[in-house]
Number of protein chains: 2
Amino acid sequence: MKLATLKDGSRDGRLLLVNRDLTRMIEADAARTMQQLIECWDDLAPELERQNVEMNESGWVQAEAFDPVRLMAPLPRAYQFVDASSFLNHGKIMEQAYKLSVKKTPGIPILVQRQSDDFTNAVDDYAFPSEDDQCDFEGEIAVILDDVSAGVALENAESHIKLFTLINDVSMRGHLFRELQMGFGLINAKPATTFAPVACTVDELGSSFANGRVNLDMCVHRNNQWFGNPNGREMDFSFAELIRHWAYNRNLRAGTVLGTGTFSNANCREVGSACLAEQRAVEVIDKGESSTDFIKYGESLQFEMFAIDGSSLFGKIDQTFVQGNGTGAVSTPVAVSDQENSYEEISHKENHA
Amino acid sequence: MKLATLKDGSRDGRLLLVNRDLTRMIEADAARTMQQLIECWDDLAPELERQNVEMNESGWVQAEAFDPVRLMAPLPRAYQFVDASSFLNHGKIMEQAYKLSVKKTPGIPILVQRQSDDFTNAVDDYAFPSEDDQCDFEGEIAVILDDVSAGVALENAESHIKLFTLINDVSMRGHLFRELQMGFGLINAKPATTFAPVACTVDELGSSFANGRVNLDMCVHRNNQWFGNPNGREMDFSFAELIRHWAYNRNLRAGTVLGTGTFSNANCREVGSACLAEQRAVEVIDKGESSTDFIKYGESLQFEMFAIDGSSLFGKIDQTFVQGNGTGAVSTPVAVSDQENSYEEISHKENHA
């Protein structure tokens, strides 16, 4: 199944079912929102699967055209988001280039607690206040979990992954080293994270999900020019290993999001990188200085991942960076008590459009 | 107004209005959950205020007895939680005792992104897997914000604080230095945070909220023995300053929680501390070694804060630490679609109890 969330004026949007080709979308019957679905996955997913089968049989004729502009992040906000740094090659290159020494403990993954209240969609402009902040991108896979109890066993951890998606975990490198050196994690260095239009269940990945890793290329373009296509198979920790360490002494509640960290391969000089910082670091190592610039206003970025059959798994992140405060002023969404009406009105308008 | 959240079998519970004396509680008319209230504060708070006035006039006769055992955290889960370390005296003592050097930038507060999916209530047992993890407490004030737009001006920041409460930001010191040295923030060092039974609006604080700080003592008892009563007036950053730095390039969405960091005073040798680590550090500085132990299974902790008139502002955190995995196995709450019924049933039972 492929799922998305419609902008409907509410904070959580309206859950949609999307066809495999990413050409049609329709409201999900089983749940109103992605969060509701994840909270009651075992009850609701079979119902959604039935709708998906019916839609496939009927050719999605009553569905609308798939339109990323009308979508939010698949899960527009979450109760917890942790980003791993599970491709150790990335850290190794950064440490080598900048003579850093991150005090890692062998066998213990780096996990970064992150904010999850304001995820951005795949195609809206992305605003940040100053080019001096050194805007960078990071191409990652994120998974969405159902309830995980503290102390979960390694062999049970992977079963809690309900959905996969693609993210651009935007960084502001101008703040990163200062915040890393302080030791307490990332604040100004990590503004809102951008999500691909669609999240999908594991069956959509087929044999490319193996060994607890997504063994596919992260296709990165900057201003529609090839930048890199590192593969997910070189993750140094599986999702299960990340989850086990993280849940050592705390529950992870339904809707928790886990990112892999930026994709990075040992042969990054051939396959490129999924972030500017790594390419800049390679330039420093190889040539003594970096020639690749951070993102300037007006530049655009494209991330996409293709299944073995060549189809786009999650749709494309295609965003333009602009000047402004974060993701723009917070607008007041409709009141919760008005959501049902508001949604009905929108739905009504769409049906008559 | 004083507010709490009833355990009703759902993940977000049922919003309650509580009287000033913390003896009576009743379901809020204006909103079903705390999150709903915060999202639509300007619309719903006046309605809640009217109910509060009516209840005060009628003497709360139709309300139930206030019972912290039946309560969740006032906001049981949130979309974002940042904990500050805004009492610099605490860091100074820790650095002096253990010869550390935290690379702070003058004028920039330490903010730690934290998980917010699984807050625990004030009186349930608190489980952690091993005494070797070095369990410690931290007494803090937390505020709950409505929507803050990225780039908020200093002079507008404080107006976004809608509620105040008291938290025990539990630490596992056995993981803390390792995670701090790595630089990416805290994971195993920071399991679930415990909340006082009640959150209150700023008017309940009266003149004790001044200069952007809560100028009251954090009354800390360990096993019902006095441990410390540091005052909030020595925060080195006001709430507004913390919010401004944090929201530099990101929105903070409604329901965001901000903690002050553990209360700490320059005269901690007289007034004591709000965490064990600080007392241990003072012992190291003064006597060469620490004699205070971390929390053992079976020990209890009490946090409370009193208004100028002597009344308990938020009720008491009174928890016993036990062996176990985090906050216990995640139980599957009732399905979202069943919540209304489930709540009605509970409410029905209560009315007839």
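All values reported here derive from a predicted model rather than from experimental measurement. Convention: sequence-line order gives letters A, B, ...; per-chain numbering from 1.
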Testing the basics here: between [X] and [Y], what is the closest heavy-atom pair and its distance to 0.1 Å?
X      : Y      : result
A/Y248 : B/N325 : O-OD1, 4.4 Å
B/K104 : A/M182 : CA-SD, 4.1 Å
B/W246 : A/N188 : O-ND2, 4.2 Å
B/D147 : A/R11  : OD2-NH2, 2.7 Å

With a 4.5 Å cut-off on heavy-atom pairs, point out which of [options] contacts chain A the most.
options                : answer
B/T105, B/V152, B/D133 : B/D133
B/V82, B/L111, B/V102  : B/L111
B/V112, B/I187, B/D42  : B/I187

Strictly distance-based, threshold 3.5 Å: is any side-chain N or O of A/N249 a donor or acceptor partner for the main-chain N or O of B/P129? no
Region of A/S101 in contact with chain B, defined by heavy-atom distances below 4.5 Å: neither
Which answer fits B/A254, side chain, backbone, both or neither, if we ask what part of it has an atom under 4.5 Å from a heavy atom of chain A? both
Which value, rounded to the nearest 0.5 Å, describes the distance between B/K103 atom NZ and A/F177 atom CZ? 12.0 Å
Rounded distance (nearest 0.5 Å) linking atom OG1 of B/T193 with atom CZ of A/R250: 9.0 Å
Identify which of A/R178, A/E179, A/Q115, A/Q181 forms the greatest number of heavy-atom pairs closer than 4.5 Å to chain B. A/Q115
I'd like to know which of A/A247, A/S85, A/S116, A/G255 tops the heavy-atom pair count under 4.5 Å against chain B. A/S116
Can you spot which of B/D12, B/D118, B/D117 makes a salt bridge (Lys or Arg N to Asp or Glu O under 4.0 Å) with A/R253? B/D118
Do B/I108 and A/H175 make a side-chain contact, defined as non-hydrogen atoms from C-beta onward lying under 4.5 Å apart? no
